[in-house]
Amino acid sequence: MAAFGTVFMPQMIQARFSDDCWSDTQLVPSDKIELHAGAHVLHYSSTCFEGLKAFRHEDGSVYIFRMDANIARMKQSSKLLNLPDFEAGMLEQMIKGIVKEYADETPAPPGSMYIRPTHIGTEAAIGKAAAPTMSSLLYVLLSPVGDYFAGGSTALRVLLEENGMRCAPHMGMVKSGGNYASALGPILDARGQYQADQILFCPGGDVQETGAANFILIDGDEIITKALDSTFLHGVTRNSILTIAKDLGMTVSERNFTVTELLERAAKPTTEAALSGTAAVLTPVGTFIHNDKEIKIGSGEPGPKTARLRQALNDIQWGKSEDKHGWLTKI
């Protein structure tokens with residue numbers, strides 16, 4: 001499998017908003033878009049996106065995982081960026097339509113078809129630094145994928161950053177490209193200096209999220225993760241893992257916690273940590289880097305509870321266990 005997200009289906013589906021209405025959807029080549037050089041998105045970053053997946057089951061059928069939740073979050077991001085509103089049903093039909101078009105290209109497990117809806121401001125108006133775009137483009141790309149992290153199940157190295165933030169607090173709930181760009185410099189510095197795979201942003205000692213995924217700590221039968229607020233992304237995979245954990249009889253604690261508590265719990269021999277996200281799924285973290293010191297989390301290796309939760313999620317996605325929460329949509 002090629003590097004995650006570098007191979008695309010030859011067509012995408014799109015709709016344009018102008019003159020207060022949406023156009024009909026259409027299939028177009030995915031290797032280019034028509035955009036004025038003065039487009040709002042290029043100057044004032046009016047852009048948001050989503051990430052979700054379609055999975056092939058043993059009988060050859062294809063199912064999309066938690067599409068409703070991703071559409072709801074994209075509507076929320078569009079609203080917070082003052083992009084034109086759209087009906088959830090329109091985006092649902094766009095996603096289902098393009099996935100159906102390439103259903104035969106959906107990889108078998110452990111691969112999947114990654115789905116990337118994107119919404120951008122297109123009005124050619126470079127004088128609108130303090131005003132929203134009046135036109136936009138909504139499109140859906142497909143990319144067949146394997147593992148997000150090249151190391152597969154290898155435990156990651158994560159730098160604890162107490163002085164910086166991933167993005168501006170009021171932008172945390174928005175899945176926008178600017179948030180990822182703002183975290184890129186610190187992540188690259190951490191890779192170069194510490195060979196870290198990611199940064200866990202903990203401004204003022206408050207454990208939040210990494211540059212591209214939510215963070216969870218597993219201490220015995222308890223999962224601890226930051227309580228939802230506007231400062232970080234409300235991950236659909238995070239929610240799915242917490243729901244599955246409750247189904248398995250684990251205790252879920254959604255609350256604020258500090259780096260001090262994190263390190264105290266990490267010292268226990270059975271503690272585990274992981275990153276959750278559509279791309280990452282649930283990826284184990286084996287080492288924290290804090291104040292130039294390396295700190296093993298538990299054994300420092302991928303743990304059994306992380307593996308069990310990941311497998312339980314995959315089993316639902318791949319149709320190997322009951323979808324009792326109604327998360328799958330058949331194409």
Side-chain angles (χ1 to χ4, degrees), residues 51 65-66 69-70 73 148-149 153-160 166 172-173 197-203 205-288 290 295-317 321-325 327:
F65 184 71
R66 303 208 65 179
N70 283 275
R73 190 171 65 179
Y148 179 64
F149 290 104
S153 62
T154 302
L156 303 179
R157 294 165 52 84
V158 171
L159 176 69
L160 305 182
R166 175 176 178 260
M173 286 170 53
D197 297 290
Q198 260 293 350
I199 287 181
L200 177 56
F201 291 95
C202 311
D206 177 40
V207 179
Q208 296 189 350
E209 64 180 335
T210 69
N214 292 137
F215 174 80
I216 67 171
L217 186 70
I218 306 173
D219 185 354
D221 285 327
E222 181 183 15
I223 283 188
I224 305 169
T225 189
K226 183 174 174 61
L228 295 179
D229 63 26
S230 63
T231 64
F232 74 106
L233 194 65
H234 300 181
V236 176
T237 303
R238 170 192 180 278
N239 177 269
S240 304
I241 290 293
L242 298 185
T243 301
I244 290 171
K246 292 175 184 176
D247 291 345
L248 295 175
M250 299 180 73
T251 299
V252 174
S253 299
E254 294 185 76
R255 61 175 176 82
N256 293 341
F257 61 110
T258 65
V259 169
T260 299
E261 179 183 356
L262 178 67
L263 295 178
E264 288 175 352
R265 290 181 180 269
K268 298 180 182 180
T270 59
T271 296
E272 301 175 33
L275 305 185
S276 69
T278 300
V281 189
L282 192 64
T283 301
V285 177
T287 303
F288 289 139
H290 183 247
I295 302 163
K296 283 187 177 181
I297 305 158
S299 68
E301 299 297 325
K305 289 188 170 65
T306 299
R308 184 186 183 193
L309 288 165
R310 179 182 174 122
Q311 190 63 54
L313 175 60
N314 284 156
D315 285 348
I316 295 171
Q317 293 170 330
S321 64
E322 180 186 2
D323 174 28
K324 59 185 178 181
H325 297 289
W327 287 341

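This structure is a prediction, so every number in the text was calculated from the model and none was measured. Position 1 is the first residue of the sequence; numbering continues from there.
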_Are the side chains of Val158 and Ile297 in contact, using a 4.5 Å heavy-atom criterion?_
no
*No-hydrogen, no-angle side-chain donor-acceptor test under 3.5 Å, Asn314 and Gln317*: yes
*Give the intermediate values and the outcome of side-chain hydrogen bond (donor to acceptor under 3.5 Å, both in side chains) for residues Asp206 and Gln208.*
CA-CA 6 Å; Asp206 177 40; Gln208 296 189 350; 3.1 Å; yes
*Identify the heavy atoms of Ala227 and Phe232 that sit nearest to each other, and give their distance.*
O-CE2, 3.1 Å
*Evaluate the criterion salt bridge (Lys or Arg N to Asp or Glu O under 4.0 Å) for residue pair Arg308 and Glu272; output intermediate values, then yes/no.*
CA-CA 12 Å; Arg308 184 186 183 193; Glu272 301 175 33; over 6 Å; no
_Aromatic plane relationship, Phe215 with Phe288 - under 30° parallel, 30 to 60° tilted, over 60° perpendicular_ = tilted
*May I ask you to decide if Gly51's main-chain N or O and Thr278's side chain share a donor-acceptor pair within less than 3.5 Å?*
yes
*Which is it for Glu209 and Arg166 under the salt bridge (Lys or Arg N to Asp or Glu O under 4.0 Å) test, yes or no, and what are the steps along the way?*
CA-CA 8 Å; Glu209 64 180 335; Arg166 175 176 178 260; 3.3 Å; yes
*Quick one: do the Asp247 and His325 side chains pair a donor with an acceptor below 3.5 Å?*
yes
_Lys/Arg N to Asp/Glu carboxylate O, Glu261 vs Arg255, below 4.0 Å_ = yes
*So, Asp219 and Arg265, do they make that salt bridge, N to O below 4.0 Å?*
yes
_Min side-chain heavy-atom separation Asn239-Arg66 under 4.5 Å_ = yes
